[in-house]
Number of protein chains: 2
Amino acid sequence: MGGPRFEPVRTVRAYERIVEQIEEAIESGALGPGARLASERELMVQFSVSRSTVREALRVLQSRGLVRSRPGDPNGAEVLPFSPAALHKSMTTLARVAELSLSELVQFRMVLDAAALLLAARLRTEEQLEEMAAAVERMKEADRDTFSDADVAFHDVVARASGNKLIQVCTDVVRSVVVGLIAGKIAAAPDEEALMRRSIAHHEEVLAAVRAGDGPLAARLFRRSVYDYYAGYVPEEERIALQALLE
Amino acid sequence: MGGPRFEPVRTVRAYERIVEQIEEAIESGALGPGARLASERELMVQFSVSRSTVREALRVLQSRGLVRSRPGDPNGAEVLPFSPAALHKSMTTLARVAELSLSELVQFRMVLDAAALLLAARLRTEEQLEEMAAAVERMKEADRDTFSDADVAFHDVVARASGNKLIQVCTDVVRSVVVGLIAGKIAAAPDEEALMRRSIAHHEEVLAAVRAGDGPLAARLFRRSVYDYYAGYVPEEERIALQALLE
DNA sequence: CGTAGCCTACTGGTCCGACCAGTGCACTAG
DNA sequence: CTAGTGCACTGGTCGGACCAGTAGGCTACG
């Protein structure tokens, strides 16, 4: 004992090394969006591996949303601009295997969008205010199908105005996961017409608060709005958890 | 014109179909954690595809953190319990390619952990309060290396006490991404000793607020604590964005 | 001379068969 | 009965093959 300290060696697969290298090139910016990787047959020469190994690496990169392959493309795989698709996928998986309840997701949305409003109330530009107002107008004239589009547009502007890209992406992801979950239980929807009218009124109040620069008020109003909108979908015993965020 | 409406056909690759099927089995619970998939050679019979195709599907599932393969394992791939590893990976990628600033990440942490505190102040059990207290005690006796472990432990209990698994996972992910980013610029660290003392004092105040059931106070104190701790790492022009959350 | 259409040289998707280095278990030799 | 060995599997990697696409050059026709 007391000899040289050996470290356990971690056998690392060939395809993982390839993933690491290409990933590094993309994340460091050496390969920007739109750039092309060499063809699989050329990559197998560059990496000195077989095509199977190259392909397994590309599959991983593709599942992470970093590249895309198209058959017949004379160039190799294309480097994609970042998209929250992978984040969305992970969160959807989380929602299913961890059995996330709707109330947990709605809670999360209340937290994130409220934070976005808090920041947006301070940092929004005049132009963004106009965009928000336009979105609310569209909500008024919308029917059942286009209503949520306008709703999304409103909150998208808010998220952008927050100046925090992470908040922007996450609000987007969470919102779509919630919508996906709601879609499954649309049958249980209460009176939609009344919900829409109420939601519009709330949005106008929120917009006014943002315009006035009162972030805390906007956040508070928004949480109330979300609660009102989703409470009908949430089992009664879970509503208490949502109310905890209303204060 | 006016003929039957045709929909564009999306060519779907064989390995994607396999991914879908296995994914569905896992997410629906038909295959729980610890369950074993058949061996690759058997799967290629079941799906009527070649082993390459099976392997590409498994690579994708593996990169999503759903299964793990080990060479020599007499059973097939193992179904893993959900881990936020995939979520973590996606967010790290986002941080790099979207060039997330440290302040954006810290901001996100302020928002999420504050929300966790807000909920925990209402829902925490006596036992969890004791865990939090124990973590703070460990912070007092810790040196530079173990300090952040105790810090993490404290906030982990809080996140658990919030009763929201999504918040729990996301706080964890964001925290480790922040730590990973900080580690790169540890050279720029200000006086750590003073930071630690101050952080401990703040944690005690937060704990007291949680014990008293005053969520808003706990959240406010926490945001201040995070700000004090990280402000030194953040470029001056970005601090304003953080201060917006202090109110 | 210009252009419409074909043709070829690529691409990725899939399949097959093979070999290697591990692992676990049954079987055997002590 | 136990210790040790070998076998029958596993996944990882390789090489070659074929197919269905695509893009762009080339040819033949107007």
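Proteins come first, then strands; the chains are lettered A, B, ... in the order of their sequence lines, and each starts at number 1.
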Which pairs, with at least one residue in residues 143-164 of chain B and sequence neighbours excluded, count as a ring-ring contact (aromatic ring centres under 6.0 Å, His included)?
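Every ring-ring contact (aromatic ring centres under 6.0 Å, His included) pair that includes a residue of residues 143-164 of chain B, provided the two are not neighbours, is B:Phe154-B:His203, B:His155-B:His203, B:His155-B:Phe222.
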Salt-bridge present ([X], [Y]; N to O < 4.0 Å):
{"X": "B:Glu104", "Y": "A:Lys165", "answer": "yes"}
{"X": "A:Arg124", "Y": "A:Glu130", "answer": "no"}
{"X": "A:Arg36", "Y": "A:Asp73", "answer": "yes"}

Between P of C:dC10 and CG of A:Leu43, the distance in whole Å
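Whole-Å distance recorded here is 16 Å.
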Can you tell me if A:Glu99 has over 12 outside heavy atoms packed within less than 6.0 Å of its CD?
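Incorrect, the count does not exceed 12.
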Under a 4.0 Å heavy-atom criterion, the protein footprint on nucleotides 10-19 of chain D, written with B, S and -, is BBBBBB-BB-
